[in-house]
Structure formats: structure tokens, C-alpha cells
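See below for the structure under consideration.
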Amino acid sequence: MKYDFRTIEEKWQKRWADAHAFEASTDTSKPKFYSLVEFPYPSGAGMHVGHIKAYSGLEVISRKRRMQGYNVLFPIGFDAFGLPTENYAIKTGIHPRTVTDRNIEKFTQQLKRVGFSFDWTRVIDTTQEDYYKWTQWIFLKMFDAGLVFRSTALVNYCPSCKVVLSNEDSQGGKCDICKSDIIQKSKDVWYLRITEYADRLLSGLDTVDYPLNIKQQQINWIGKSRGAFVNFSLKNLDDKLRIYTTRPDTLFGVTFMVIAPEHPLIEKYRSSISNIDALDAYKNECAKKTEFERTQLVKDKTGVKIEGITAINPVSGREIPIYISDYVMMSYGTGAIMAVPAHDDRDYAFAKKFGIDMVEVIRGGDISREPYIGEGEMINSGFLNGMHNKADAIARMIDYLTEKGIGEGGVQYKMKDWAFNRQRYWGEPIPIVHCPKCGMVPVPYDELPLKLPEMTNFAPGEGGESPLAKVESFVNCKCPRCGGAARRETDTMPQWAGSSWYYLRYIDPHNTNAFADPEQLKYWLPVDWYNGGMEHVTRHLIYSRFWHKFLYDIGVVPTDEPYAKRSAQGLILGPDGEKMSKSKGNVVDPNDVVDELGADVLRVYILFMGDYGSAAPWSESSVRGCKRFLERIADLPSIAKGRGETPKLNSKLHKTVRKVSGDIEDMKFNTAIAAMMSFLNDAEEIGTMTLDELSVFVRILCPFAPHICEEIWEQMGNTGLCSLAAWPEFDESKTVDETVDIGVQINGKMRSVISIPFNCEADQALAIAKADEKVIAALAGKTIVKEIYVPNKILNLVVKG
RNA sequence: GCCGGUGUGAUGGAAUGGUAGACGUGACGGACUCAAAAUCCGUUGAUGGCAACAUCGUGUGGGUUCGAGUCCCACCACCGGCACCA
């Protein structure tokens, strides 16, 4: 058969659509499978081969599940709020709505051309009013629950995008969107109290099936540490200086303290500080640095001693100086630390520079040369002296501090509350009204969605305020509580909002009474398998777990965790082995591949190129290899005739079914395809196969290359769709060959290969081996002292002499 | 610095502690062709040998084992994440 992929692919895509083949059923009596892929941001650049790889994994698994009889929900949608669209709108004057619709249309066409088996009746777009109505609804529920607050804080601000960014969006001191340097700015912003869920986000990881590296990244991100809070007395003042430490066992070794430059202590006691000018100057210096710069100057510690205030070490009674230094962050712990120079790298460097003395409290190092971080006997530490175990010493000290009322055990998290706002147009309006009398008042639920106003100039204001602030008709409103004149909040939500719950909307996307019907939620949740990129495992994945846990707490979702299982695909690199980018000119457009070679080739190649979870470079010539494979598949019907089994081929077929079935579950698509190629090689060599065998083979190939398989399936006289035919079972007994070739080793070295009956006894194997010429030669003049026989695997003869 | 991962032919990559290099690509030789492309057949880890065959070979050095790409210890290189987190 001529492999006319264009005609075939168009034909079957239409047939699938007409048959509603891949639409999930609302019938909850069947076993369900919910497979989710991260929905794309519909950028103007169109689809990228990376998108295809991200969806192809679960595409194969979803197709296999359907053939196994599951009710499969495999949806797609668009995460369409965001800055690139808005920036494009500012530049061109085209409304973001228009741009978004156009891009979504383009993505949809491209996705359909690849033949993905998405349920196109459930497409969602986060920028549609009937979607973001529910994003706002969840926000208000959080507001009601006290998880939303406003706070003036130093925020990460991108001067180019003119927006406040979360810590997650400003990693490395660069804006995640435009890559320019972040500066610190004091601003009144919205926060979500995600830290309240820190412990549960941590413990929930024990209940889900995520790869270890993803769990570890989340654990690091949450950054839980255990330690103690200690209140240091200040000499001649009633006040205390509260610190957090993970090493209360070293308290006797504290010889100074350090507070962050922004620490309120300085403002509070300005008049008692004799060098306030020097402190102010230092503080100003620090404010100019970006957080990035501040964390770069690791080696050279800077700081200024506070003259006029000293602290008292609560266990040794010693009077100790207090410094300000930017190596202490106001945003972690209490913004103040106790310094133990003998046993901490940073404190050591600081003490050396400022000539502060040290007290060794753990024996084992030479503190004249370097700090000692290890464990050892406690010395110079009063009641801790002689202890060797760090954990015991910590526990003992915490008991002591608690007993004396000078401190207590506690935990800290690196994770901070989520800065939840953008000063931009193209996002969900935050549904809050500011009333001079009532304060912050939520928009009533029955007034949702709070729609974005129509406007034409989307540029943010110079002061960094939202473009919405310019729309008087939007801003001026009545207080929902007292009816008086009030002003609307003009910030919008960050892009992460819509994606934090989209998987819930797919379950019941057209519901107007609730974000989804509780019965359907109960049936479909949790998502059985979620695939996406590694770049989303600390932000999107944590955010959406947080929202889900909240929704669980208020009783609107039935599970504590949203995703039962998570996997991640590896990048597709350019042919040059570099990350694909427009500037490098190494971008492969999936459309071109579909045009030139067909969707089935694209799909097979992307899954064949290497381990699904690893990065691999695109290879123009390897793609053609997959094309050859499918062309030969198209010719298979010409050698298939009759019913029943082909003697030399049937066991290979059963082995292939076993291999492919298992490999798909492990996302080892490359070896699954290799096994099918190997089967094809054998079939061609034998030159014949039966229609029964072809029927089996076409069905296991169908999830990978569905168009060509449908065509062959139809040619064979089948009336239904191959995509919905039963997944073939294999017969274990038929995977077994009568004889098996095993290696014969002498003293662990391969000497020969012998053919023996399957599962044969050691005696028989040994007899056959001893009759083998090569073995005879290798054994000449030696005595066998030991025989190791592993059935069907190996025979190893240990000899001496 | 901390956490996670990777290291195998020319190349992408295969190998539940049991015949290293499956499958694909490329290269080389041949068939077909006026020729090229496509297709088909064969060869393709290194070294030595006419050959049968032998020796070596999975980043480096040790170890465990009858047997190690796989397990353990130490090291090197690279990739990803976090990072003055007290």
C-alpha cells in the first residue's frame, strides 16, 4: 500500500471527530482514568516540538487505557492570561482578547493535525468569563477563610515589566518573564498564606506517586528546619532580641549577634544608638543592592557594629555586641541571629573580619584555622559539657530554655507567603472593594464574574499601578456592605491563578452553578496521571496542591491531593545539541514535520528519540528512520493472509505485546517502539504473517501511530475504530521458545554459547556444554571445582589447574 | 556549599547482578539506475591474525561476587535545582 499519509491522516481525524471517539463519558459506572497534561500558554509563536513531546506520553497511555476499557478523560485547554499577550497588545494596539482567540485557534489546529485524542468538548480557556468567575470564587473563599492578606513589604519588582513578582518568579534575581534584573521595592501587595499549608504540602508528598527528584525539589523549596527561638536580653533595656537558630546546642559559644539592616530594633532605639548615621548609611547601601547582588557577595562580609546597645548571652551571662549586616535576611526567621563563630562558616568569616573573639564549644577541630562544623564533645558549655550527641544536646538546651522562659523549640520554612498580584490588565481582576468605612470588602459571590473593563490602552502606569486604575467606571463603585462610595481593587491575579485549579474545571466545564458537579468530582478525582515539565514542579505544582488542599478543607473537593502520579518529559534540544531558541535558529517546527513526513512519523520519532524523561537532540536523519518504519508498516497487509498462527513469528508477537504493554506503563516508549521495529524485521524476514497476527500488531502500534493503524484496520475489514478496539492480551506460555541460547563461562569469562532446551535441568545443560568444542578446548587439563547454572541465563564453570 | 541526576560505539540510545552495544541513525561495500535519489542486501567497539580465534573494552581507582555497565567505597567531569535560610 502506498503510504499516502496526508490523505490518511485527514481522513481519520475527521472520522474520530464524527464518531466522538475520544470524548469522556459522564457515566460513572465504568472504571475511570484521568490523564492530564499541562495546558499550554497560547503564544504567538505557535506550537513547539516540546509541546508535542509533553503531550505524546500521556496520549499513548490514554489511548491504551481506552482500548483497555477505561472511561478516559484526556482534556486540553489554554492558560491564556499573561504578559506576552499583553505586551503584544500594547505594542500593536490589538486587544488581548483578539490575540488570545487567534493564538488559541492556531494551537487548536496544530494539535488536531497531530491527531491527539483530546476530548475537544471540554476545552477551557482561563481568560473566559465563565472560567475566571470560578478563579475569583476560589479567591473569595480563601479571603473568607483568612488566607488572603495585604502587607507592606519589600517586594521583588521588575522595572521592565512594571510588576511585583513572587519569589518563585524572580529566581536568581532575574525576572522570570523578561530576564531583566529585579529590584527591591516597598509596596502594599496581596498575599496568599501558603505557609499555613507548608506542613501539609510536605506530609502530602508521602501519599503521592511523584518521582523522587520532584519530591526532593518540593521538600527543598518548602525548606522546613527545626530549631529554637531564643530571646536575648538587651543590657539596660526591658526589650528582648528574638532569634531563630537550628543549633541551640552551641548557645554557650555565642560571642555576638547580627540583625538584618531593616530590623525594627534600629528604628525603635535610634536615640540610644551613638552611630546611627553609620547604620543608616549602611542600610541605604544595602537597599540599593538587588537581592541577587546581596546573595552574591558571599565571601566578603560587610557590616556595622551597633554602638549603644548590647545583648546578654542568656546561658553564659556574657555581654555581647550586636552588628547589622546584610548576610542576615529580614525575610527569614526573625531577621536576627546569634553568631557562633567557632562553629559556623559565615559567623567565622564575620568574626575574623571584625576581630571578634570565639568560644569553642565542640571539640574536634582547630578553630584557629577554620570553623568546626562537625560533631564532638561539648566543652565550655556548662550543663552540656561532656555530651557527644548533637541531637541530645539540642533537646537538652531546648528543655532548659523552655524551663527558664527564655526560648522554645520551633520550626521555620524557607517558603514564603505567595505574593498574589500583578499590576496588569490581562489577568483575573481581584474581586475586592476598598471602602473608606468598611475597609476591604469582597465582591458578593452573585456578582461574579467581576469582568475586565473594555479599554484600549493597556500600558501600565508609571508608578507601577495597574492599567485598570485608569478606568474610572471600573474603579468607582459602591461598597457592597454599606452602599457608600468605594473604590475597586485594580490589581489582577498572577498567571499562576488560573492554572492552580484548571484540572477541576475539565471535569465539568460547562457547569454554571458550580465549578464542577460534586458527583463528577468524586468520580474523576484524583487526577490519575499528570505529566508536565520539570520547570513547573516547584511553582505550579506546589501552588495547585495548595489550592486543592484548601478546597478540600472547605469541602468542595473529595481528595486531599490533586494528582496521584506525576511524571516529567525531557527537553527536545536542537540538532546542534543546544536548547532550542529563536536566536540560535535551531527551532524545529512540528508543523513542518507534519507537512513533510506526517503526524504519525512525528509522534513515533518524538517517543523513539530517547528516554522520555531525558533531554535529547533532534536528528533530521533519525526522523527519516521512523518514516521508513511506517512505510514498511503500510506494506504489511501485502504479506498477511489467512488465520491462526505463523510458527516462527507467533512467539515473537506475544513477546512484543508483553514488552510494549509493560513499557508503555513505564513510559519507556523508545524501547516499546524498538520492540515493534524488531517484530517488523522478523516478519519481513519470514515473509508472511496471518491476519490475526496483523490485527494484534496494529492494535499495539495504534497508540503511537494511530492514523496508519486505523487505515490498515479498515483495510482488513474491521468496521469499528482501531483506536477503540480491545487492547491485545498476550499468552505467557506462547512467549516461550523451545530452545534457548545461553552463554558458557569458564571462570567468569565467556567461552561459548550453547543451545539448550528451555528450562532444562543443570545436568543436561552441563552435558551439552561439555560436548561443546570450544568448552572442551577451554577445559583441557583443568578440573571443574564448581558449576553455577542459572536456568535460561548462564552456565559458569569454575576451574583450577 | 547543599540536594538530585548523568557518564556505554562515529551518533541517539538498549541491557530484573548473568552472551555489553537491542532498535534507530550515520559510514563503508554491493545490487538496481545512463546517473542521482529512493529501495534492497552485506559489514560496522578497539587491537592482533589470511583465518578459526585471542586479548582488551561501559568516566578514574579500589572492593564485594562464580560472574559487575548494574551493588559498595573514594575520586573526576558534566547537567538540573536550591543557595549568606541562621
Side-chain angles (χ1 to χ4, degrees), chain A residues 171-172 211-221 223-225 227 243-247 250 257-258 260 294-301 325-329 331-340 344-347 349-350 373 412-416 534-535 537-538 570-571 573 577 604-605 608-611 613-626 628-629 631-632 659 668 670-681 684 741-754 773-774 777 785-799:
Chain A
Q171 293 174 53
L212 216 71
N213 58 336
I214 292 181
K215 283 191 184 182
Q216 200 56 51
Q217 273 194 38
Q218 294 208 357
I219 290 167
N220 291 347
W221 191 265
K224 182 175 185 173
S225 83
I243 60 96
Y244 175 72
T245 180
T246 54
R247 295 297 303 275
T250 61
M257 300 182 81
V258 187
R294 217 168 133 170
T295 54
Q296 281 309 293
L297 302 167
V298 179
K299 289 184 191 95
D300 195 23
K301 295 275 179 289
S325 173
D326 63 357
Y327 85 88
V328 173
M329 303 290 152
S331 52
Y332 183 78
T334 62
I337 63 159
M338 62 177 220
V340 186
D344 180 273
D345 288 322
R346 297 149 309 188
D347 298 347
F350 195 85
I373 313 298
Q412 277 294 302
Y413 301 93
K414 286 186 202 172
M415 186 169 71
K416 292 164 195 161
M534 281 306 291
E535 70 275 20
V537 303
T538 49
L571 287 179
L573 306 172
V604 169
Y605 174 63
F608 181 63
M609 50 194 303
D611 175 58
S614 309
W618 186 269
S619 160
E620 215 54 68
S621 45
S622 287
V623 188
R624 281 198 293 276
C626 292
R628 282 182 203 135
F629 171 59
E631 279 168 346
R632 287 160 60 202
K659 175 82 177 151
K668 291 166 72 174
N670 54 335
T671 50
I673 293 167
M676 290 186 282
M677 287 174 168
S678 176
F679 174 82
L680 176 66
N681 289 345
E684 286 183 343
D741 291 343
I742 69 164
V744 181
Q745 299 180 338
I746 314 279
N747 285 348
K749 278 199 183 299
M750 284 299 305
R751 290 299 165 193
S752 186
V753 176
I754 57 170
E773 276 183 32
K774 287 181 198 167
V785 295
K786 194 172 179 187
E787 293 144 2
I788 293 128
Y789 173 62
V790 182
N792 309 319
K793 296 278 189 206
I794 202 90
L795 176 65
N796 189 10
L797 304 174
V798 183
V799 301

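The chains referred to below are lettered A, B, ... by the order of the sequence lines, with proteins before strands, and numbering in each begins at 1. Any value given below was found using the heavy atoms of this structure, including those in side chains, with hydrogens, waters and symmetry copies removed.
- Judged purely by atom type and a 3.5 angstrom limit, Asp344(A) has no side-chain atom pairing as donor or acceptor with the backbone of Ala339(A).
- Using a 4.0 Å cut-off, some side-chain N or O of Tyr332(A) falls inside it from OP1 or OP2 of rA86(B).
- The glycosidic torsion of rG9(B) lies within 90° of 0, placing the base in the syn range.
- Candidate nucleotides rC84(B), rC23(B), rA86(B) were compared by shortest atom distance to the side chain of Tyr327(A), and rC84(B) ranks first.
- Among the atoms of the strands shown, only primed sugar atoms or phosphate atoms (P, OP1, OP2) are found under 4.0 Å from some heavy atom of Asn670(A).
- Where Asp347(A) and Glu684(A) each meet RNA chain B at their nearest nucleotide, the meeting point lying more 5' is that of Glu684(A).
- The side chain of Gln745(A) has rG67(B) as its nearest neighbour among rA86(B), rA15(B), rG67(B).
- Checking rU25(B), rC23(B), rA86(B) against the side-chain heavy atoms of Ser678(A) singles out rC23(B) as nearest.
- Using a 4.0 Å cut-off, some side-chain N or O of Lys668(A) falls inside it from OP1 or OP2 of rA15(B).
- Between rC3(B), rA22(B), rG24(B), one nucleotide has an atom nearer to the side chain of Gln216(A) than all others, and that is rC3(B).
- Residue Lys215(A) is out of contact with every strand shown, counting any heavy-atom pair closer than 4.0 Å.
- Closest heavy-atom contact between Arg247(A) and Met338(A): O-CE, 3.5 Å.
- Out of rG67(B), rG12(B), rA86(B), the shortest distance to the side chain of Met329(A) is found at rA86(B).
- Although no hydrogens or angles enter the test, the distance criterion places a donor-acceptor pair under 3.5 Å between the side chain of Gln218(A) and the main chain of Val537(A).
- For Lys749(A), taking side-chain heavy atoms from C-beta onward, the closest of the listed nucleotides rA20(B), rG13(B), rC56(B) is rC56(B).
- One can find a donor-acceptor pair under 3.5 Å joining the base of rC84(B) and the side-chain atoms of Lys301(A).
- In this structure, Lys774(A) reaches the rC53(B) phosphate: one of its side-chain N or O atoms is under 4.0 Å from OP1 or OP2.
- Spacing between rG59(B) and rC50(B) at atom C1', rounded to whole Å, works out to 37 Å.
- When each of rU19(B), rG81(B), rG12(B) is scored by its nearest atom to the side-chain atoms of Gln217(A), the top-ranked nucleotide is rG81(B).
- Of the candidate nucleotides rC23(B), rC66(B), rA22(B), rC23(B) has the atom lying nearest to any side-chain atom of Phe608(A).
- Between Arg628(A) and rU25(B) there is a side-chain N or O to OP1 or OP2 distance below 4.0 Å.
- The nearest heavy atom of RNA chain B to Met338(A) and to Asn747(A) marks one nucleotide each, and the one closer to the 5' end goes with Asn747(A).
- Annotation: rC41(B) and rU60(B) have their C1' atoms spaced 43 Å apart (nearest Å).
- Considering only the side chain of Arg632(A), rG24(B) comes nearest among rU16(B), rG24(B), rG67(B).
- Using a 4.0 Å cut-off, some side-chain N or O of Arg751(A) falls inside it from OP1 or OP2 of rU55(B).
- Rounded to a whole angstrom, the distance from the C1' atom of rC78(B) to that of rA27(B) is 28 Å.
- Residue Asp611(A) is classed as a sugar-phosphate contact, given heavy-atom separations below 4.0 Å to backbone atoms only.
- Residue Asn681(A) is in sugar-phosphate contact alone, with no base atom involved, counting any heavy-atom pair closer than 4.0 Å across all strands shown.
- Within 4.0 Å (heavy atoms only), Ala615(A) reaches sugar-phosphate atoms of the nucleic acid but no base atom.
- Gly223(A) comes within 4.0 angstrom of nothing in the nucleic acid, heavy atoms only.
- In this structure, Ile214(A) atom CD1 and rG5(B) atom P are separated by 13 Å, rounded to whole Å.
- Counting non-hydrogen atoms under 4.0 angstrom, Asn213(A) reaches the backbone sugars and phosphates but no base.
- Taking only side-chain atoms of Thr671(A), from C-beta outward, the nucleotide of rU25(B), rC23(B), rA14(B) with the closest atom is rA14(B).
- Pair assignment for rG12(B): rC23(B), on the basis of Watson-Crick or G-U wobble contacts that are both within less than 3.5 Å.
- Base contact: Val790(A) has a heavy atom under 4.0 Å from a base atom.
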